[in-house]
Amino acid sequence: MKHAHRAVKSMFGIAMAATALAGFVAPTASAATTQVTAGCYGASCQPKDPIEMGCSTDAYTVESVDTVYGTIELRYSPACAANWPRISGASNGRIFWVENKYGDYVFWNAIGSTGYGDMVNGTVQARACVQDYGSCTGWH
């Protein structure tokens with residue numbers, strides 16, 4: 001009986017400790033948030049490099065179009081409010097560009113089979129093209 005009493009006391013102590021700890025909220029790690037520090041915004045991004053300006057960090061492909069000249073992508077950065085073109089599967093020296101509804105544009109030549117160009121103001125619709133105006137993304 002002596003051992004049984006000690007076991008009950010131990011269980012009672014554990015229960016009391018658990019009850020006390022239940023009121024204690026342990027700090028939890030919050031989900032890491034990524035804050036993009038961009039070096040430009042909108043019109044001030046033209047004609048700047050998206051990687052150098054920190055705009056590629058949150059960028060995504062708005063539209064990708066396979067053409068006979070290669071795959072052209074329209075890229076967009078919300079933090080920078082800017083668009084730029086990216087190309088893959090192109091022949092060396094292939095001309096590609098990005099333009100917006102303000103009439104701003106930046107032309108590039110592919111070096112090797114892939115490449116990206118500088119940015120234009122993305123606060124208005126833009127599109128990316130390769131080689132001719134028939135090989136473009138839509139206006140976004």
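We number each residue from 1, following the sequence as shown.
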State, to 0.1 Å, how close [X] and [Y] come at their nearest heavy-atom pair, and which atoms those are.
X    : Y    : result
D58  : C55  : OD1-O, 3.3 Å
T71  : S64  : CG2-OG, 3.2 Å
N83  : V124 : OD1-O, 4.4 Å
Y60  : P78  : CE2-CG, 3.9 Å
T61  : R75  : OG1-NH1, 2.8 Å
D118 : P50  : CA-CD, 4.3 Å

Taking [X] for the side chain and [Y] for the main chain, is one N or O donor matched with an acceptor at less than 3.5 Å?
X    : Y    : value
N100 : N121 : yes
Q46  : D104 : no
T137 : A128 : yes

* Compare all side-chain heavy atoms of F96 with those of S135 and state whether any distance is below 4.5 angstrom. =>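 No - every pair of side-chain heavy atoms lies 4.5 Å or more apart.
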* Asked: Mind checking whether Q131 and T67 have side chains closer than 4.5 Å, heavy atoms only?
  ->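 In short, these two side chains do not touch, never coming nearer than 4.5 Å.
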* Asked: If you measure from OH on Y102 to OG1 on T123, what distance do you get to the nearest 0.5 Å?
  -> 4.5 Å
* Give me the ring orientation class for W97 and F107: parallel if the planes are under 30° apart, tilted from 30 to 60°, perpendicular past 60°. =>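 Taking F107 first and then W97, their aromatic rings sit tilted (interplane angle of 30° to 60°).
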* What residues join W84 in its hydrophobic cluster, counting side-chain heavy atom gaps under 4.5 Å, either direct or through other members? -> I51, M53, Y116, M119
* Asked: When Ile, Leu, Val, Met, Phe, Trp and Tyr are grouped by side-chain heavy atoms lying under 4.5 Å apart, directly or through other members, which residues fall in the same group as W139?
  ->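 In the cluster with W139 there is nothing else; it is isolated.
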* Asked: By side-chain hydrogen bond (donor to acceptor under 3.5 Å, both in side chains), which residues pair with Q125, not counting sequence neighbours?
  -> none
* Who pairs with N109 by side-chain hydrogen bond (donor to acceptor under 3.5 Å, both in side chains), at least two apart in sequence or on another chain? -> none
* salt bridge (Lys or Arg N to Asp or Glu O under 4.0 Å) with R94: which residues, sequence neighbours excluded? -> none
* **Residue pairs, two or more places apart or on separate chains, that pass disulfide bond (SG atoms under 2.5 Å apart) and touch residues 89-140** =>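 Counting only pairs at least two positions apart or across chains, the disulfide bond (SG atoms under 2.5 Å apart) contacts touching residues 89-140 are C129-C136.
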* SG-SG under 2.5 Å, C45 vs C80 -> no
